Amino acid sequence: MKYVLVTGGVVSGLGKGVTASSIGVVLKACGLRVTTIKIDPYLNTDAGTMSPFEHGEVFVLDDGGEVDLDLGNYERFLDIKLTRDNNITTGKIYQAVINKERRGDYLGKTVQVVPHITDEIQDWIERVAMVPVDGKEGPPDVCVIELGGTIGDIESMPFIEALGQFSYRVGPGNFCLVHVSLVPVLNVVGEQKTKPTQHSVRGLRGLGLAPDILACRSTEPLEEHVKVKLSQFCHVPISNIVNLHDVTNIWHIPLLLRDQKAHEAILKVLELQYDGKVPREPELAKWTKRATKFDKLKTPVKIAMVGKYTGLSDSYLSVIKALLHASVAMERKLVVEWVPSCDLEDSSAKETPEAHKKAWKLLKGADGVLVPGGFGDRGVQGKILAAKYARENNVPYLGICLGMQIAVIEFARSVMKLRGANSTEFDPATTSPCVIFMPEGSKTQMGATMRLGSRRTYFHVNGCKSAKLYGNASSVDERHRHRYEVNPDMVPDFERAGLQFVGKDESGKRMGIIELPSHKFFIGAQFHPEFKSRPGKPSPLFLGLIAAASGQLEPLLQRSNLTTKACPISKIPKLKLYPTGPVNPLNSLVNGYYPNGTGIHT
C-alpha cells in the first residue's frame, strides 16, 4: 500500500480537500486504484451535531456516517463510495482508546498519547486504507490522506506525531508528503512572497515531517525565480514544486497537476515508476472536455436557493455541486440567487424592508426554486412562502428533506385550508400535524440518532416525473438524514386534494417523494439526492429541476423508455437492514443501510 499525505500551512481554507481529490483523480487516471481518508482534529465524534455555519455542510454516506464535507469532494471527484471510518476524528480515536482501556486491552499499562493514541491512529489508517471503495475486489493501490487544519495547530499534534511515525512504519518508497501552502502577493509591493511558505515548511520539519512536494496556492501563476527561491529554502526540487493558481472552475485543478507532471513526481517518490516512466499517462480526456465545456457556457439558468444558512455557501456545498453537474449536462450557466428565507417573511417587511424587497425580487426573478434541508424553526415561514409562490405561479420547485416537508405544510394550509397545519418540530401542539417525529427516534440523544444513510424508495405511480427522471426504475437508493416525516395518517387526505406521494419506503407508510401532477415541475424528496450526484452523472432530480427551469424538461422526459412499470406495492419485498458500526439506541433501523450498486433498481 502506498500513502500520499496532504497537509496545509500558513492559513486555512487553501483548498486541501480539492487538492487531495485532484491528486486522487490524476493517480486514478494513471491506472491506479485510489481510496481516501480525511483526518479532522476536533473532539467531536463526527460532524453530525455541528452547525453548518461552524463547519459547512454535513455530508452523509451510504452507511449513515455523518462526515466532513471534504469526503463529498472525494466521492464526487473519484466516483467512489466511502464509509464513516474514512473520516478520522480526535473524538473517534480517544473513544476507541478509552474503550480498549476499559476492556483491559492495555494490561494495566499507563495509557498515554504516545504510544497508545498515536498507535491507534496508525492502525486505523492501515485498516481503512485496505478497504476497497470503487466496487472492485481487493485493496486499493494508493491511499490519499488529508490532515485537516493548519500545521502548528495544537489539536493536530497527536496526528502529526503519529504520521511522522507512520512514514517510518511503512518505509521509504511508500509515503509521499504533499504540503499545500500560500504564496501571497502584497498589494504595496506587488511581488509574490515566499516567506510564509518557508516558515510553514520549517515548522513542518520541526515536527518531524519533510515535504516531498510543495503545492503552492496563488492568485496568478508562480514566477520562475519564485520557484527557485522556494526550492533553495524549502529543500524541495523545482520539479516537485507545483503551482495551483486560481482557475475558472475547480475541474481544472487535476489538469494543472497533470500539466505540471505532478503525477510523475508523486509516483517517483512512491517508487511506482518503471524504467523511469509512469504506469501510463493520465487519461483525462472526459475531464478536460467537462472543464472546457463549463467555461464556454453562456445561457444562464437562475435558481433561487431559499435557506437560512445562505451566508456561508459551504453550508449547501453538495446542493451547489449537484446543481452545477445538472446545469453543465443541460448546457446552461448556473446562477445561484441566495435568498435568506427570513427576509421573505412578513415580519421582515417591517424590520428590514430593503432586505425583504431584495429577497422577493430575487425569488420572482428566478427560473426555479430550491428549498434545501435544515433544522429548527428560524426562517420556516419564509420557506413556506417560497413554496407557495412556486406552486401558484407554476415555477419549477425542488424541495429536499425539510424542503419537501415545507411543501406539504404549504399545501395543507393553502389548498386544504388547514390553517393550523404545521410540523410538530415547529409547533408540538398543532391541531393538524402534517409532519411528525418518527416513532423510533430519540429526543434525548442527538448524535447519530436520525434516519441516516442509504434507503430504498419505491415508485408507486406509473409515469410520474420522478420515475421517468430515474429512467423508469421501480425503486431507487438515496441517502437520508431526518428525524421528522410526513404524517402517514394524513396521506389519504393529501392525495384526495391532489398531492401525489409517488415514492414510499418498503412498508408503504413512510413517504419519500411528492409531486403535483398538474404543475410544470413540483417535486419534494425526503432524501438528499445531492449526495450521490457526480460530474458527468448528475442527480436525476436536480437534472429535472434545471431542465424544467430552462425549458428542456419535456425532451428530457421523452428520452426515457416508458414501457417499464413501477413495482406495485403488493409485490414490494421486505428488505433486511444491515447494521454498521456500534449499536445505538435506535438499533439498525437508523444506522443500517441497504447495500447497492448503481443505486437505481429496475
Side-chain angles (χ1 to χ4, degrees), residues 72 75-76 79 249 251 286 289-291 293-294 297 299-305 316-336 366-373 390 394-401 403-404 407 457 459 461 463-479 502-503 512-517 519-562 564 566 598-602:
E75 285 204 341
R76 284 188 289 271
D79 194 18
N249 69 76
W251 293 339
K286 290 183 179 179
K289 183 179 179 181
R290 190 181 303 121
K293 180 180 180 180
F294 176 93
L297 296 175
T299 307
V301 58
K302 294 183 180 180
I303 301 297
M305 180 83 76
Y316 302 113
L317 184 63
S318 290
V319 175
I320 296 299
K321 297 303 181 186
L323 285 170
L324 186 65
H325 301 159
S327 62
V328 171
M330 300 308 299
E331 299 186 344
R332 291 294 184 269
K333 183 176 182 179
L334 177 65
V335 178
V336 177
D367 302 310
V369 177
L370 193 154
V371 177
N394 205 30
V395 175
Y397 175 91
L398 177 60
I400 299 171
C401 197
M404 169 183 143
T457 299
F459 291 108
V461 178
C464 65
K465 293 186 181 72
S466 302
K468 288 181 181 179
L469 289 169
Y470 279 101
N472 290 288
S474 61
S475 64
V476 60
D477 286 347
E478 293 282 9
R479 299 174 182 178
V502 302
I513 307 173
I514 65 166
E515 282 190 24
L516 277 177
H519 196 281
K520 180 194 297 184
F521 185 91
F522 195 95
I523 293 177
Q526 187 59 73
F527 50 78
H528 288 263
E530 69 271 23
F531 291 143
K532 295 180 76 171
S533 184
R534 303 285 183 266
K537 292 191 290 185
S539 163
L541 295 186
F542 280 86
L543 195 64
L545 175 66
I546 296 297
S550 59
Q552 303 179 76
L553 182 60
E554 286 307 314
L556 179 66
L557 296 179
Q558 287 171 7
R559 296 176 200 165
S560 301
N561 180 359
L562 303 183
T564 306
T598 62
I600 298 175
H601 299 263
T602 56

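Not measured: the values here are computed from a predicted model.
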Heavy-atom closest pair, residues [X] and [Y]:
| X | Y | value |
| --- | --- | --- |
| Val502 | Glu515 | CG2-OE2, 3.9 Å |
| Ser533 | Ser539 | OG-N, 3.2 Å |
| Arg534 | Asp79 | NE-OD1, 3.5 Å |
| Ala291 | Trp251 | CB-CB, 3.9 Å |
| Ala548 | Phe521 | CB-CB, 3.6 Å |
| Cys401 | Gly373 | CB-CA, 4.1 Å |

Do [X] and [Y] come close enough that some side-chain heavy atom pair is under 4.5 Å?
| X | Y | value |
| --- | --- | --- |
| Met305 | Pro372 | yes |
| Glu75 | Lys532 | no |
| Thr457 | Glu478 | no |
| Arg332 | Gln552 | yes |
| Val301 | Met330 | no |
| Pro396 | Asp367 | no |
| Leu323 | Leu545 | yes |
| Arg76 | Pro535 | yes |

* Structure fact -> So ring-ring contact (aromatic ring centres under 6.0 Å, His included) across residues 529-551, not counting sequence neighbours, yields Phe59-Phe531, His528-Phe531
* Give me the ring orientation class for Tyr470 and Phe527: parallel if the planes are under 30° apart, tilted from 30 to 60°, perpendicular past 60°. =>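 Aromatic pair Tyr470/Phe527 classed perpendicular.
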Can you tell me how far apart [atom1] ([X]) and [atom2] ([Y]) are? Round to the nearest 0.5 Å.
| X | Y | atom1 | atom2 | answer |
| --- | --- | --- | --- | --- |
| Ser466 | Asn472 | OG | CG | 11.0 Å |
| Lys333 | Thr299 | NZ | OG1 | 10.5 Å |
| Leu553 | Leu543 | CG | CG | 9.5 Å |
| Leu556 | Ile546 | CG | CD1 | 11.5 Å |
| Leu541 | Leu469 | CG | CG | 6.5 Å |
| Lys520 | Lys465 | NZ | NZ | 11.0 Å |

* To do: Please check if atom NZ in Lys293 has more than 12 non-hydrogen atoms from other residues, nucleotides or ligands closer than 6.0 Å.
  =>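 Correct, the count exceeds 12.
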* Asked: When you measure from the side chain of Ser327 to the backbone N and O of Leu324, does any donor-acceptor pair fall under 3.5 Å?
  ->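 Confirmed, Ser327 side chain pairs with Leu324 backbone.
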